[in-house]
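Heavy-atom basis, side chains included; hydrogens, waters and symmetry copies ignored.
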Amino acid sequence: VCLRFISFKRIKSPFKVVTNQELVVFFKGAIKIGFFSILSLVLFQIDRIILSKTTTTSVLGMYGLSSILPLSLLSLIYPISSAAFPRLAQINKNEYGKSIFSNWTFIKFSICFGFAVLLSLNYEFIISFWLQKNDVINHAVSYLILLGIVFHVLTLVCTNLFIINDRTNFVNIAYLASIIIYIIAVAIVPASVSIKVAIGWLIANFTLFLAIVFFLNRFFSSLFNIYLVDLFKSVLFFGIFFLLFYFLKRFVFLSGLTLLISSIFLIPLFYIIFFKRRITLILKEL
């Protein structure tokens, strides 16, 4: 209220009075965004809700500990997706907007798969170094959560694209479907509760990914090929390096701290060399 009052006092008169029609348009959009925020909150908290109601506090705590490192990926991705958000408006009429979409998908996929590969290769060493033990948490839960987050990250730029271009209804449909699938998966998967909710998280986000990609092809077909090409390049590049380091990991001389340092150094180095031209163009634009 104070901020509104101060802003109102600083407006130079005469100022435009908002019409009823403009208010209706505003609140219709606000309701859609609010519903999206609620669904997003439910998707990210439903696993904790189920665990808190069906298991002990220690199981919930171990699940939370298992999800800390995978969830840190979102801390890297969300600011990037938010930065691209306003530039995607009216993208069908804006060729520069398509370039922005391509650049942001490239950056986001690079960080997403690079982070996932580095973490999955070095996860056991990081956990043992961090907690001084390697058997405190369930590694399977962490890997399932990480894979679910990867699929979730793949939808973020597209989600922003839909919202800024008044397609929020389809985002809400995709999120609602993923939540329903999550509940069904948790109900039918025969496993321990922690594994159940982690598998449900993976299936829900995979469902969300498929729905968002379907809507992207349906409403922004010109961007669909851009999305798939950038996705394919990132999967191919990081997949090859994952298999290479996973094979080298079998040898005693490349494990623990040695593997961590070599993978952190070599994977980004080869990525910069391989995509030098694309990275240079993006940096010039920024």
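Under the 4.5 Å side-chain heavy-atom criterion for grouping Ile, Leu, Val, Met, Phe, Trp and Tyr, Phe232 is not connected to Phe113 through any hydrophobic cluster. There is a path of hydrophobic side-chain contacts, each under 4.5 Å, that joins Leu154 to Leu76. Criterion: ILVMFWY side-chain heavy atoms under 4.5 Å apart, direct or through other members. Under it, Ile203 and Phe214 are part of a common hydrophobic cluster. Both Leu71 and Phe206 are members of a single hydrophobic cluster when ILVMFWY side chains are connected at heavy-atom separations under 4.5 Å. No chain of hydrophobic side-chain contacts below 4.5 Å, direct or via other Ile, Leu, Val, Met, Phe, Trp or Tyr residues, connects Val229 to Ile240.
Contact annotation: the side chain of Val213 approaches that of Phe224 to within less than 4.5 Å [non-hydrogen atoms, C-beta and beyond]. Residues Phe245 and Val117 are not in side-chain contact: their nearest non-hydrogen atoms beyond the backbone lie 4.5 Å or more apart. Leu65 is listed as a side-chain neighbour of Met62, based on a closest heavy-atom distance under 4.5 Å. Put simply, the side chain of Ile46 reaches to within 4.5 Å of the side chain of Ile183, judged on heavy atoms. Counting heavy atoms from C-beta outward, Ile77 and Ile111 have side chains that approach closer than 4.5 Å.
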Exercise. Can His152 and Leu74 be said to form a side chain to side chain contact (heavy atoms under 4.5 Å, CB included), step by step?
Worked result: CA-CA 9 Å; His152 186 84; Leu74 293 176; 4.2 Å; yes
Problem set entry | Steps toward side chain to side chain contact (heavy atoms under 4.5 Å, CB included) verdict (Arg167, Phe220) | CA-CA 11 Å; Arg167 302 283 184 179; Phe220 301 96; 4.3 Å; yes
Exercise. Passes ring pair (Phe, Tyr, Trp, His ring centres under 6.0 Å), Phe275 versus Phe270? Steps please.
Worked result: CA-CA 8 Å; Phe275 293 107; Phe270 277 95; over 10 Å; no
Problem set entry | Candidate pair Val42 and Tyr182, rule side chain to side chain contact (heavy atoms under 4.5 Å, CB included), full reasoning | CA-CA 11 Å; Val42 171; Tyr182 181 93; over 6 Å; no
Exercise. Given Tyr271 and Phe241, is the ring pair (Phe, Tyr, Trp, His ring centres under 6.0 Å) satisfied, shown in steps?
Worked result: CA-CA 10 Å; Tyr271 191 78; Phe241 270 87; 9.2 Å; no
For this session: Would you please test Phe129 and Leu260 for side chain to side chain contact (heavy atoms under 4.5 Å, CB included) and show each step?
Result: CA-CA 12 Å; Phe129 179 80; Leu260 178 64; over 6 Å; no
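Atoms CD1 and CG, from Ile199 and Leu144 in turn, are 5.5 Å apart once rounded to the nearest 0.5 Å. If you take CD1 on Ile126 and CG on Leu121, they are separated by 9.5 Å, rounding to the nearest 0.5 Å. For the atom pair Asn165 CG and Leu161 CG, the distance stands at 5.5 Å (nearest 0.5 Å). Note that the OG atom of Ser102 and the CD1 atom of Ile107 stand 9.5 Å from one another [nearest 0.5 Å]. Separating the CD1 atom in Ile264 from the CG atom in Leu118 is a distance of 6.0 Å, to the nearest 0.5 Å. Taking CD from Glu124 and OG from Ser142, the interatomic distance works out to 10.5 Å, rounded to the nearest 0.5 Å.
Between Phe209 and Phe151, the two ring planes are tilted [angle within 30° to 60°]. Classification of the Phe242-Tyr246 ring pair by plane angle, with boundaries at 30° and 60°, yields parallel. Between Tyr123 and Tyr143, the ring-plane angle classifies as tilted under the 30° and 60° cut-offs. Taking the six-membered ring for Trp and thresholds of 30 and 60 degrees, Phe274 and Phe237 have ring planes inclined between 30 and 60 degrees apart.
In this structure, Arg278 is positioned above the aromatic face of Phe106, its NZ or CZ under 6.0 Å from the six-membered ring centre and within 45° of the axis.
Heavy-atom neighbours of Arg48 CZ from other residues, nucleotides or ligands within 6.0 Å: above the threshold of 12. Residue Lys32 qualifies as enclosed at atom NZ: its count of foreign heavy atoms under 6.0 Å is above 12. Other residues, nucleotides and ligands contribute more than 12 heavy atoms inside 6.0 Å of the CZ atom of Phe44.
Side chains of Ser192 and Ser194: a donor-acceptor N/O pair is absent below 3.5 angstrom, by distance only.
What you find for Leu60 and Thr55 is that their closest heavy atoms are N-OG1, 4.3 Å. For the pair Val186 and Lys196, the tightest heavy-atom approach, listed with the atom from each and the gap, is O-CD, 3.3 Å. Minimum interatomic distance between Tyr175 and Leu208 (heavy atoms only, all atoms of both residues): CD1-CD1, 3.6 Å. The minimum heavy-atom distance linking Ala204 with Ser178 is given by the pair O-CB, 3.2 Å. For the pair Ala174 and Ile212, the tightest heavy-atom approach, listed with the atom from each and the gap, is CB-CD1, 4.0 Å. In terms of heavy atoms, Asn205 sits closest to Gly148 at CB-O, 3.3 Å.
In this structure, Asn172 has no side-chain hydrogen bond (donor to acceptor under 3.5 Å, both in side chains) partners at least two apart in sequence or on a different chain.
Residues Tyr227 and Phe109 place their aromatic rings such that the two centres sit under 6.0 Å apart. Phe162 has its ring centre no less than 6.0 Å from the ring centre of Phe170.
Under a 3.5 Å cut-off, the side chain of Ser40 and the backbone N or O of Phe36 do not form any donor-acceptor pair. Using modelled atom types, no side-chain atom of Ser221 and backbone atom of Asn217 make a donor-acceptor pair closer than 3.5 Å. Under the 3.5 Å distance criterion, the side-chain polar atoms of Ser234 are left unmatched by any main-chain donor or acceptor of Leu231.
For the pair Asp230 and Lys108, the salt-bridge criterion is not met [side-chain N within less than 4.0 Å of a carboxylate O].
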